[in-house]
Chemist: 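Before we start, here is the structure in question, set down as structure tokens.
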Amino acid sequence: MSSTHFGFQTVDESEKAQRVRGVFDSVASRYDVMNDVMSMGLHRAWKAYTIAVSGVREGHRVLDIAAGTGDLTRAFAKHAGTTGCVVHTDINEAMLRVGRDRMLDEGLVLPTSICDAETLPFAANSFDLVSVAFGLRNMTHKERALGEMCRVLRPGGKLLVLEFSKVAQPLQKAYDWYSFKVLPRLGQWIAGDAESYRYLAESIRMHPGQQELKTMMKDAGFGHVDVHNLTGGVVALHVGIKC
Ligand SMILES: C[S@@+](CC[C@H](N)C(=O)[O-])C[C@H]1O[C@@H](n2cnc3c(N)ncnc32)[C@H](O)[C@@H]1O
């Protein structure tokens, strides 16, 4: 049996998806407010930058993976317009439900699908753009998921991976203090769940850094990969082109 990591713990590979599901089942209803509080609103700027880099326009076909409550999905839908198609997907039903309700409140009706990024139920070459924001870190077989993202993109299509990454050295100490001392407390006060936010801090440390992820994307079939560091590397946007 192979093992993997769940935060700083070593777990059997077959257990990880279930543990991750537990995290997002627990936080789904408070996920959006926690995002605003813990990032001090910065996640909105990171996502706005991602949308700007996406170049999505009228008529584009977009797949948002691990889309959760759908911040990127909704923004893509506005750019793709009525002739485009944006698909809202996640492995977790609770997260998708919160996202779908928010979209309905805004009068947006989009295809929503529960699916695992490691086995995408879409034909090859189906999308102009695929995105995964703060989701890849939680996946058990990241190489497999990146391979699937490449498969469903059309040649010349773009993958956007927005994810926590390795911070610049001068920020390291303050960032560690915030992650391990403040975040779990915020999680407890706001979402009633310190453990899930401890997992968040740990999973960020276990996630591949900028260069390693770039290599993984190239190995998965992306001919060209650019890395954009945001907020001193707290987050990085990897842009891969299928060519
Ligand atoms: C931190 S949330 C990100 C939500 C949203 N993209 C955002 O930026 O706010 C991570 C999401 O990844 C999803 N996820 C984890 N593993 C997944 C997998 N194998 N396939 C699809 N989604 C997955 C979780 O269910 C969760 O909704």
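Please read these numbers as outputs of a predicted model, since none were measured by experiment. Just so it is clear, the values below take in all heavy atoms, side chains as well, and ignore hydrogens, waters and symmetry mates. Just follow the structure's listing: the first ligand is 1, and inside any ligand the first atom is 1.
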Chemist: For the residue pair Arg21 / Gln18, report whether a side-chain donor-acceptor contact shorter than 3.5 Å exists.
Modeler: yes
Chemist: Can Arg44 and Asp71 be counted as an ion pair, charged N to O under 4.0 angstrom?
Modeler: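 Judged by the 4.0 Å cut-off on N to carboxylate O distance, Arg44 and Asp71 do not form a salt bridge.
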Chemist: How far apart are the C-alpha atoms of Lys16 and Arg19, what are their side-chain angles, what is the distance that settles it, and do they pass the side chain to side chain contact (heavy atoms under 4.5 Å, CB included) test?
Modeler: CA-CA 5 Å; Lys16 177 158 174 172; Arg19 303 275 294 262; 5.6 Å; no
Chemist: Arg205 and Ser179: side-chain donor and acceptor closer than 3.5 Å?
Modeler: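 A pair is found: one side chain offers a donor N or O, the other an acceptor, under 3.5 Å apart.
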Chemist: Report the residue from Arg61, His60, Lys158 that forms a side-chain hydrogen bond (donor to acceptor under 3.5 Å, both in side chains) with Asp128.
Modeler: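 Answer after filtering Arg61, His60, Lys158: Arg61.
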Chemist: Mind jotting down which protein residues get a heavy-atom contact under 4.0 Å with ligand 1? Chain and number order, please.
Modeler: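 Residues near ligand 1: Val20, Phe24, Tyr31, Asn35, Lys47, Ala66, Ala67, Gly68, Asp90, Ile91, Asn92, Met95, Cys115, Asp116, Ala117, Ala133, Phe134, Gly135, Asn138, Met139.
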Chemist: So, His141 and Glu13: side-chain donor and acceptor under 3.5 Å apart, yes or no?
Modeler: yes
